[in-house]
Amino acid sequence: MQTLTIIQPDDMHLHLRDGDALKAVAQYSARQMGRAVIMPNLKPPVASVADALAYKQRILAALPEGSTFEPLMTLYLTDKTTPELVREAKAAGIVAFKLYPAGATTNSDSGVTDLFKLIPVLQEIAAQDMRFLVHGEVTDAEIDIFDREAAFIERVMKPVFSQVPDLKVVFEHITTAEAAKLVLEAGDNVAASVTPQHLLLNRNDLLVGGVRPHHFCLPVLKRETHRQALVAAVTGDKAHKFFLGTDSAPHAKSAKENACGCAGMFSALTAIELYAEVFDNAGALDKLEAFASQNGARFYGLPENTRKITLVKQAQQVPDSLPYGDGEVLVPMRAGGEVAWSVQY
């Protein structure tokens, strides 16, 4: 039986929600990951240092007893964010600010309306050696939803790079060949997180045979050529610029299977196993550890985790659903199917 032992991975892009939902899902990330960069798009958003520190305490309280999982906290960038807040956040141990263009995704109503008005804030983020996390999509109604990431690169990313060239940017959950090319050609101050769904699925998996609401995420799944470009990027010569970020985003089944069509896929249950499939299928299992456990830590200036985990090439059945609090259930990625790898717990 094939086995693979790697340094314990980190999830550099994770949604944990709050309240009963937090208590339901935190356990799954905590048993696989050493650390996770926690997204701040709660309602209301995590936009102050006090908000972030209080949220961190709620996360720690929701973890299983004895867990060593470390949440890395971020703040939600708004039109009112100031350089003073950046300095306060740095002093409090917050690692990054997250850009949500207004209306781009779940709970993004408080997002930024004009990033270029916040150049002084971005300059202070760079000066404080914090990370700037970017949900890279334009939200103009005239732009096709499949083209929003590519349009964002031209309209926003490239001009921001030219105005704040030393800003350390994570292009989050990239989905296109254009995004991979941008990261590959940029300096070492630019990196990207990549999700399991964008490495394993394409838009046929969302639309062929009827709309599959549990495959709906934002940025939306793209053409097969884009999926192939992402796999090539995370296994290629400059793979050090890409790292694990699940964007695991839990929603109740009832919220996914209605007209709302809430965006997000819950992959935390079998995250590292899904990534192992990607690298195994690409003949690049030897590169999984760097992607999952080293590249992200290096980019954030963190030490590698000291623990290790062992993966076994042994299929496991994914449950149809998981408890999600208050009588609700949560449908995990690949529900009812199999994942080819398992973690030895």
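You'll find the side chain of Y55 stays beyond 4.5 Å of the side chain of P40, heavy atoms only. Counting heavy atoms from C-beta outward, W341 and Q2 have side chains that approach closer than 4.5 Å. The closest side-chain heavy-atom distance from F291 to V194 is below 4.5 Å. By the 4.5 Å heavy-atom criterion applied to side chains, I6 and K308 are not counted as neighbours. L72 has its side chain out of reach of I38: every pair of non-hydrogen atoms, C-beta onward, lies at least 4.5 Å apart.
By the neighbour-count criterion of 12 heavy atoms within 6.0 Å, atom CD of E65 is sparsely surrounded, having that number or fewer from other residues, nucleotides or ligands.
Sequence neighbours left out, not one pair with a member in residues 171-180 passes salt bridge (charged side-chain N to carboxylate O under 4.0 Å, His left out). A salt bridge (charged side-chain N to carboxylate O under 4.0 Å, His left out) check over residues 226-254, counting only residues at least two apart or in different chains, returns the pairs E224-R227.
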Check your understanding: Does the side chain to side chain donor-acceptor pair (under 3.5 Å) test come out yes or no for T5 and T310, once each step is laid out?
Key -> CA-CA 4 Å; T5 298; T310 296; 2.8 Å; yes

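Annotation: cation-pi pair R35/F69 absent, no NZ/CZ under 6.0 Å from the ring centroid and within 45° of its normal. For R203 and F146, the positive end sits near the middle of the six-membered ring, less than 6.0 Å away and at most 45° from its axis.
Taking 4.0 Å as the cut-off between side-chain N and carboxylate O, K117 and D79 do not count as a salt-bridged pair. A salt bridge links D129 with R131: at least one charged nitrogen is closer than 4.0 Å to a carboxylate oxygen. Classification of K56 and D51 as a salt-bridged pair fails, no side-chain N sitting under 4.0 Å from a carboxylate O.
Minimum heavy-atom separation, D320 to V331: O-CG1, 3.9 Å. Of all heavy-atom pairs spanning F299 and V169, the tightest one is CZ-O, 3.5 Å. Of all heavy-atom pairs spanning A30 and P64, the tightest one is CB-CD, 4.3 Å.
Checked options V318, L269, L200; the residue passing with L274 is L200 (criterion: side-chain contact (heavy atoms from CB on, under 4.5 Å)). When the options E328, H15, R17 are evaluated for a side chain to side chain donor-acceptor pair (under 3.5 Å) with H251, the one that passes is R17. Between H214 and the options R334, K256, E257, a side chain to side chain donor-acceptor pair (under 3.5 Å) holds for only E257.
With no hydrogens or angles considered, no side-chain donor-acceptor pair links Q314 and S342 at under 3.5 Å. With 3.5 Å as the limit, one finds no donor-acceptor pair spanning the side chains of N189 and D166. Of the N and O atoms on the side chains of E273 and Q32, at least one donor lies less than 3.5 Å from an acceptor on the other residue. In summary, the side chains of D11 and T246 do present a donor paired with an acceptor at a separation below 3.5 Å, with no hydrogens or angles considered. With no hydrogens or angles considered, a side-chain donor-acceptor pair links T175 and K222 at under 3.5 Å.
In this pair, Y100 and H135 present their aromatic rings tilted. The plane angle is within the 30 to 60° band.
The CZ atom of R307 sits 14.0 Å away from atom OG of S293, with the distance rounded to the nearest 0.5 Å.
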